[in-house]
Visitor: 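I'd like to ask you about the structure that follows.
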Amino acid sequence: MLGLRIERSRSRSGKHAVRSLALLVSPRGEVVEARPRSVERLRPLYSVGEAFQAYYSVPEGWLLVYVYLVRNLRGHVKGYIEVYDRDGRLLYRAVYRRLKLRRSSGDPSYAWAVRRVAEYLKLPVKRTNLGDES
């Protein structure tokens, strides 16, 4: 079982916000929201909203993709997208800043999962450097 922090909170003024979620990606590229096996309440980063420590089990052959995004005062969004396997090992990590997706660590053969999730979330991306472009 893989434990991840799932959060949706914002500041009292509404100028800062954080959102994190877990998605499952099938070998064929289908994206579905992951349903946790169990959850524990946590204190959120910002004052308005909620946060949980959620535990997931991943079906055989599927990948769990964790998305963590923060919006700042100017409305700029940054964060990261991580890809995990069934055993909870981090396979790939990409950072998202200034409308760019860039490989941070891991095996570039899993970049396709990050692309599928970015499409699914309709994340605005102008450029990518995920390591699988060649």
Side-chain angles (χ1 to χ4, degrees):
M1 287 249 260
L2 178 62
L4 297 171
R5 182 184 176 94
I6 304 300
E7 183 167 2
R8 173 179 265 174
S9 68
R10 64 178 176 83
S11 62
R12 277 192 204 108
S13 65
K15 294 178 180 174
H16 297 82
V18 64
R19 177 81 169 105
S20 62
L21 67 149
L23 301 165
L24 286 170
V25 180
S26 75
R28 294 191 324 231
E30 302 166 24
V31 180
V32 293
E33 278 205 41
R35 300 276 175 230
R37 291 277 175 157
S38 63
V39 294
E40 301 169 9
R41 258 194 189 287
L42 296 176
R43 187 169 177 265
L45 181 64
Y46 295 112
S47 62
V48 180
E50 57 190 8
F52 303 97
Q53 181 72 22
Y55 297 93
Y56 298 94
S57 61
V58 182
E60 188 67 44
W62 289 56
L63 298 171
L64 185 105
V65 180
Y66 178 66
V67 181
Y68 182 87
L69 299 170
V70 177
R71 189 185 74 230
N72 69 11
L73 180 65
R74 294 184 173 176
H76 298 175
V77 177
K78 64 181 176 180
Y80 57 87
I81 301 175
E82 294 177 334
V83 179
Y84 292 93
D85 68 355
R86 181 187 171 98
D87 301 323
R89 287 188 303 253
L90 178 64
L91 301 173
Y92 187 80
R93 179 181 164 114
V95 293
Y96 179 72
R97 263 184 258 138
R98 296 181 175 179
L99 304 178
K100 294 178 203 148
L101 264 175
R102 181 180 58 80
R103 175 181 175 264
S104 176
S105 65
D107 183 3
S109 66
Y110 294 101
W112 66 271
V114 172
R115 288 183 199 282
R116 289 291 302 127
V117 166
E119 284 174 21
Y120 175 80
L121 295 175
K122 297 181 176 73
L123 205 59
V125 177
K126 283 190 179 177
R127 267 185 48 205
T128 62
N129 184 9
L130 296 175
D132 65 344
E133 281 84 4
S134 57

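Keep in mind that what you see is a predicted model, and the values were worked out from it rather than measured.
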Visitor: With side chains defined as the heavy atoms from C-beta onward, is the minimum distance between Val25 and Trp112 less than 4.5 Å?
Guide: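 Side-chain contact under 4.5 Å: yes.
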Visitor: Do any N or O atoms from the side chain of Ser11 and from the backbone of His16 form a donor-acceptor pair under 3.5 angstrom?
Guide: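 Checked: pair present.
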Visitor: Determine whether a donor-acceptor pair (N or O, by modelled atom type, separation under 3.5 Å) exists between the side chain of Tyr68 and the backbone of Arg5.
Guide: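 Not confirmed, Tyr68 side chain does not pair with Arg5 backbone.
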Visitor: So which atom in Pro44 and which in Ala51 form the shortest heavy-atom distance, rounded to 0.1 Å?
Guide: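 Looking at all heavy atoms of both residues, the shortest contact is CA-CB, 3.8 Å.
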Visitor: Are side-chain heavy atoms of Tyr120 and Val65 found at a separation under 4.5 Å?
Guide: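 No; the side chains remain at least 4.5 Å from each other.
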Visitor: Could you tell me whether a side-chain N or O of Arg116 sits under 3.5 Å from a main-chain N or O of Gly29, the two making a donor and an acceptor?
Guide: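 Checking the backbone N and O of Gly29 against the side chain of Arg116, a donor-acceptor pair under 3.5 Å is found.
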Visitor: Closest approach of Leu101 and Ala94, non-hydrogen atoms and distance?
Guide: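 Smallest heavy-atom distance, with atoms named: CD2-CB, 4.3 Å.
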Visitor: Between Leu21 and Val83, is there a shared hydrophobic cluster once you connect ILVMFWY residues whose side-chain heavy atoms come closer than 4.5 Å?
Guide: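 Leu21 clusters together with Val83.
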Visitor: Okay, side chain of Asp87, backbone of Arg89: is any donor-acceptor separation there less than 3.5 Å?
Guide: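 Checked: no pair found.
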Visitor: Of all heavy-atom pairs between Ser9 and Leu45, which one has the smallest distance, and what is that distance?
Guide: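 Answer, listing the atom of Ser9 first, then Leu45: OG-N, 4.0 Å.
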Visitor: What I'd like to find out is whether the side chain of Trp62 reaches to under 4.5 Å of the side chain of Pro27, using heavy atoms alone.
Guide: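 Yes. Closest side-chain heavy atoms under 4.5 Å.
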Visitor: Using every non-hydrogen atom in the two residues, find where Ser47 and Arg12 come nearest and quote the distance to one decimal.
Guide: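 Minimum heavy-atom contact is OG-CG, 3.1 Å.
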Visitor: On a heavy-atom basis, which atom in Glu33 and which in Leu23 lie closest, and how many Å separate them?
Guide: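 In terms of heavy atoms, the two residues are closest at CG-CD2, 3.6 Å.
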Visitor: Would you please classify the geometry between the Tyr66 ring and the Tyr80 ring as parallel, tilted or perpendicular, with 30° and 60° separating the classes?
Guide: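 Aromatic pair Tyr80/Tyr66 classed tilted.
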Visitor: Spell out, as yes or no, whether a donor-acceptor pair under 3.5 Å connects the side chain of Arg86 to the backbone of Val58.
Guide: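 The answer is yes, because a donor-acceptor pair under 3.5 Å joins these two groups.
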Visitor: For the CZ atom on Arg115, are there more than 12 heavy atoms of other groups (residues, nucleotides or ligands in this structure) within a distance under 6.0 Å?
Guide: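 Enclosed.
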Visitor: Ignoring hydrogens and angles, tell me if any N or O in the side chain of Ser20 forms a donor-acceptor pair with the backbone of Glu7 under 3.5 Å.
Guide: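 Yes; judged by distance alone, with no hydrogens or angles, the pair exists.
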Visitor: Can you see which heavy atom on Tyr96 is nearest to which on Leu123, and at what distance?
Guide: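 Nearest pair, atom of Tyr96 first, then Leu123: CZ-CG, 3.9 Å.
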